[in-house]
Amino acid sequence: IMIRNPAVLKPTDSLKDAVRVFGKERVQAIPVTDGRNKLIGIITKPTIIKAFYGEIPPETPIELVMVKDVYTINENALAEKSLDYPVSTLPVVDNDGNLVGMLTWINLVKGYYRDLQEVKKLNQELEAIIESSYDGFYITDGKGVTLRINSSYSRIAGVKPEEVLGRSMQELVEKGVYSQSVTLLVLEQKKPVTIMHDVKTGKRLLITGNPVFNEQGEIVRVVTNARD
């Protein structure tokens, strides 16, 4: 999501040169590099304004007014890391300090919006797949609270969504909605579990619960498949 091949200035460029680049590129900050693309500073619009109000001559080299202690972000870092810095524009550098791009809050917003739209689309496709499945699906969070059941599960288990959504499997077992819960076994054993289970429709179901782990190894979802 960064800006690749951004406009750059040389330390010997003048304040007047910087103003021209700002007018052309419509950016908030311009990186300053040496002849080998090594980042050595940055010039910002506030810096330019302060220089002119201070009656610094337009022909003054920007190396005399540029910010030399520059916040940067490595090209291999997560974009979210940029939120840790108190600036709206960050030069992106490689491991040798060479400039590879610029990252702005606008880039982040656009990137997150694009990702959000993609996630929304994928969720819609996943919902369609779950709902159209002949097998029953029962999904809980990592604490065993019911998040989703599909129509096939309602049909083969004789359970309506409003009877279980938002309720924990422990509560549903205690209330007699279920005699046992594969979800609770999965949460206890932290691995896939398969059981045979008799439901109130009179059917005997083959039920398999699968844990979904996050990066910390914690169970965040239990996806249960029910087949008659």
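- Around the OH atom of Y71, the shell of radius 6.0 Å holds no more than 12 heavy atoms that belong to other residues, nucleotides or ligands.
- In this structure, the side chain of N37 engages the main chain of L99 through a donor-acceptor pair within 3.5 Å.
- Looking at I149 and F137, their side chains never come closer than 4.5 Å, going by heavy atoms from C-beta outward.
- Counting heavy atoms from C-beta outward, L185 and I195 have side chains that approach closer than 4.5 Å.
- Rounded to the nearest 0.5 Å, atoms CG (D13) and CG (L15) are 10.0 Å apart.
- Looking at T12 and P61, their side chains never come closer than 4.5 Å, going by heavy atoms from C-beta outward.
- Between A29 and I42 the shortest heavy-atom distance is CB-CD1, 3.7 Å.
- Side-chain atoms of V32 and L39, non-hydrogen and from C-beta on, never get closer than 4.5 Å to each other.
- Within 6.0 Å of CG in N5 there are 12 or fewer heavy atoms belonging to other residues, nucleotides or ligands.
- The two residues I62 and K10 have their closest heavy-atom pair at CD1-O, 3.3 Å.
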Quiz prompt | Stepwise side chain to side chain contact (heavy atoms under 4.5 Å, CB included) test for L184 and V173 | solution = CA-CA 10 Å; L184 296 179; V173 170; 4.3 Å; yes
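- The salt bridge (charged side-chain N to carboxylate O under 4.0 Å, His left out) search around E131 returns R148, not counting sequence neighbours.
- Contact detail for T89 and P91: the closest heavy-atom pair is O-CD, 4.1 Å.
- Side chain of T146 to backbone of G166: no donor-acceptor contact under 3.5 angstrom is found.
- Between V193 and T208, the closest side-chain pair of non-hydrogen atoms is not below 4.5 Å.
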Quiz item: Should L147 and R221 be marked as a side chain to side chain contact (heavy atoms under 4.5 Å, CB included) after you check the CA-CA gap, both sets of side-chain angles, and the distance that decides it?
Solution: CA-CA 9 Å; L147 301 176; R221 295 286 186 273; 3.4 Å; yes
Quiz item: Is there a side-chain hydrogen bond (donor to acceptor under 3.5 Å, both in side chains) between N95 and N74 once you walk through the steps?
Solution: CA-CA 7 Å; N95 292 332; N74 187 273; 2.9 Å; yes
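- Remark: the backbone N or O of P57 is paired with a side-chain donor or acceptor of T60 at under 3.5 angstrom.
- Closest heavy-atom contact between I219 and P211: CD1-CB, 3.9 Å.
- With D34 contributing its side chain and K38 its backbone, the two residues share a donor-acceptor pair below 3.5 Å.
- Atoms CD and OG, from E127 and S132 in turn, are 10.5 Å apart once rounded to the nearest 0.5 Å.
- Cluster annotation: V93 is connected to V67 through the hydrophobic network of ILVMFWY side chains, with a link wherever side-chain heavy atoms come within less than 4.5 Å.
- Heavy atoms only, all atoms of each residue included: M66 and I43 are closest at CA-CD1, 4.0 Å.
- Here the CD1 atom belonging to I40 is positioned 10.5 Å from the CG atom belonging to L9, to the nearest 0.5 angstrom.
- The number of heavy-atom neighbours closer than 6.0 Å to CD of E215, taken from other residues, nucleotides and ligands shown, is 12 or below.
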Exercise. Go through the steps for V65 and I56 under the test side chain to side chain contact (heavy atoms under 4.5 Å, CB included), then give the verdict.
Key: CA-CA 9 Å; V65 297; I56 297 176; 4.0 Å; yes
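- Side-chain atoms of M169 and Y178, non-hydrogen and from C-beta on, do get closer than 4.5 Å to each other.
- Taken to the nearest 0.5 Å, the NZ atom of K45 stands 12.0 Å off from the OG1 atom of T47.
- Here L103 contributes atom CG and T72 contributes atom OG1; the two are 11.5 Å apart, rounded to the nearest 0.5 Å.
- By the rule that hydrophobic residues join a cluster once side-chain heavy atoms approach within less than 4.5 Å of another member, L187 and V145 end up as members of separate clusters.
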Quiz item: After noting the C-alpha distance and the side-chain angles of S154 and V159, does the key distance pass the side chain to side chain contact (heavy atoms under 4.5 Å, CB included) rule?
Solution: CA-CA 5 Å; S154 293; V159 175; 5.7 Å; no
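- Contact of the Y138 side chain with the V222 side chain is not registered, since no non-hydrogen atoms from C-beta on lie closer than 4.5 Å.
- Formation of a donor-acceptor pair under 3.5 Å by the S152 side chain with backbone atoms of Y134 is found in this model.
- Residue A18 comes nearest to I48 through the heavy atom pair CB-CD1, 3.7 Å, listed as atom of the first residue, atom of the second, then distance.
- I207 pairs with exactly one of Q180, M196, R227, H197 by the side-chain contact (heavy atoms from CB on, under 4.5 Å) rule, that one being H197.
- Between N210 and T224 the shortest side-chain heavy-atom distance does not fall below 4.5 Å.
- In the hydrophobic clustering of ILVMFWY residues, with side-chain heavy atoms under 4.5 Å counting as a link, Y153 and L165 come out apart.
- Atom NZ of K24 and atom CZ of R20 lie 11.5 Å apart (nearest 0.5 Å).
- Put simply, the side chain of D141 gets close to the backbone of K143: a donor and an acceptor are under 3.5 Å apart.
- Applying the ring pair (Phe, Tyr, Trp, His ring centres under 6.0 Å) test to F52 and every residue at least two apart in sequence or in another chain returns nothing.
- Here the side chain of N150 pairs a donor or acceptor atom with the backbone of I130 at under 3.5 angstrom.
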